[in-house]
Amino acid sequence: MRRVINFSAGPAVLPQEVLARAADELLDWHGTGMSVMEMSHRSEAFIRIAAQAEADFRELLAIPTNYKVLFLSGGATLQFSALPMNLLGTEQSADYVVTGEWSKKAVAAAQAIGNVRIAASTEAQGFHATPAQAQWQLDPKAAYVHYCSNETIGGVEFHWTPQVGDVPLIADASSHLLSRPIDVSRFGVIYGGAQKNVGPAGITIVIVRDDLLGRARAETPGVLNYALQAAADSMLNTPATYPLYMAGLVFKWLKALGGVAEIERRNITKAKLLYDFIDASTLYRNPVNPADRSRMNVPFTLTDPSLDQAFLDGARDQGMLQLKGHRLSGGMRASIYNAMPIEAVQQLVQYMRDFEQRH
Ligand SMILES: *Cc1c(COP(=O)(O)O)cnc(C)c1O
C-alpha cells in the first residue's frame, strides 16, 4: 500500500487511524454481522452510532444544551438556501458579509429566497482580508447576519467573532469546523459540510440555537426544515448513515488526541511553518493579509507562473497531490486540515525550498 500526501481542499485527507478502523469494522460492525452501510437507520445499532457521534461532537465543541445539532444532506450549498427558508421572514431582510467565493454563493442563493443586504464586502480589494468590524453597515432589524468564517478558496479566515448585537450570527464554517475551539453561544447557526475537515462527503452539520426553530417559511420542504429535522433526530428521511458513522470515528480520534484545543495548537504550528517559509522566499507569494490567513487553506502563487506545471509535476513525483489552486484563483493551494500530519507540511516546505533553489 502506498498512501500519498493529499492536499485536496475537499473531499480531503482523513486520519489514517480512522480509515484503518473503518476497514476493520467494514464487514461486521461490533458483532452485528453486518456493515454499517447495510444497517437500517432505525436499528438499535445505528441509533447508538448516531447518538454517540452527536454526543462526541457536542463534547468537542462544548455545545450548550440550548442548541440542536443536525446531521443533514445536501452539503453547505443546500444550506445556502435552507438557511433563508428557515430564518428569513417574507417581510424581513438578512445581512450578508462577502469575503470570497463561498460567501458570494451564499448571497446568490439567499437572493432567490428573500431580501438580502450586503453589510460589508472585500470584493473590490480582491478578497485578501476580513473587513474591519467598524466598516460593517448592519441593519439592527435584520433576520440574521451571515458570513463565511473560513473562505476555502481565497484562504481568508476570521480569527475573531463578529459583534452583531441581538441579531443572530450565522457562520458557514465548512472548512475549519473542529480545527479550533469556537464559542458556540455567540452564534444563532453554525453549519458546514463534512468533507473538508470532519469526514467524508455526504453529511452537513447544522448547529442551531433552539429559539430559532419554528420560523420556517410555509413552503419549506420538510427535510430542509430545521424544527422538523430536530424533532426527528435528523432522521425525517434516511440520513447519510455511513458518512455519519465515519464522522463519528473522526470525533473519537480527535478526542483521543486531546480535542480541539490540541488540534488548534498543531494547526497553528503547521500553518506557521508554511506561511513563514512563503514569506521568506522570493519565488512564492501569499496575497492574504497576515492577520486573516487561513490555517486550513494556504493559497500561494509562483512569481513566475511558467514554472507552475514543473512545480506540480515535481510535487507529484514525491507523492504530493492536489496542490493546484482553485480554477478561480489559479496558482497553488495547500489544504492542511486536521488530518494532515506536520511531517507532510515539513515535506512540502522542503520540496518548495529545493524547487526554489533549482529555479
Ligand atoms: C466546500 C464549501 C462549500 C460547499 O460545500 P458542498 O458540500 O459542495 O455543498 C460551502 N462553503 C464553504 C466555505 C466550503 O468550503
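Please read all numbers here as calculations on a predicted model, not as lab measurements. Note that ligands are numbered from 1 as they come in the structure, with each ligand's atoms numbered from 1 the same way.
- Aromatic pair Phe187/Tyr67: ring centres not closer than 6.0 Å.
- For ligand 1, the protein residues placed under 4.0 Å by at least one non-hydrogen atom are Gly75, Ala76, Thr77, Phe80, Trp102, Cys148, Asn150, Thr152, Asp172, Ser174, Ser175, Gln195, Lys196.
- Aromatic rings of Tyr96 and Tyr144 (six-membered ring for Trp) have centroids within the 6.0 Å cut-off, being under it.
- The list of salt bridge (charged side-chain N to carboxylate O under 4.0 Å, His left out) pairs with a residue in residues 192-207, not counting sequence neighbours, is empty.
- Residue pairs that meet the side-chain hydrogen bond (donor to acceptor under 3.5 Å, both in side chains) test with at least one member in residues 124-140, sequence neighbours left out, are Thr130-Trp160, Thr130-Asp292.
- Applying the side-chain hydrogen bond (donor to acceptor under 3.5 Å, both in side chains) test to residues at least two apart or on different chains, the pairs with a partner in residues 219-247 are Glu25-Tyr245, Gln79-Tyr226.
- Ring geometry, Tyr351 versus Phe311: the interplanar angle falls from 30° to 60°, so the pair is classed tilted.
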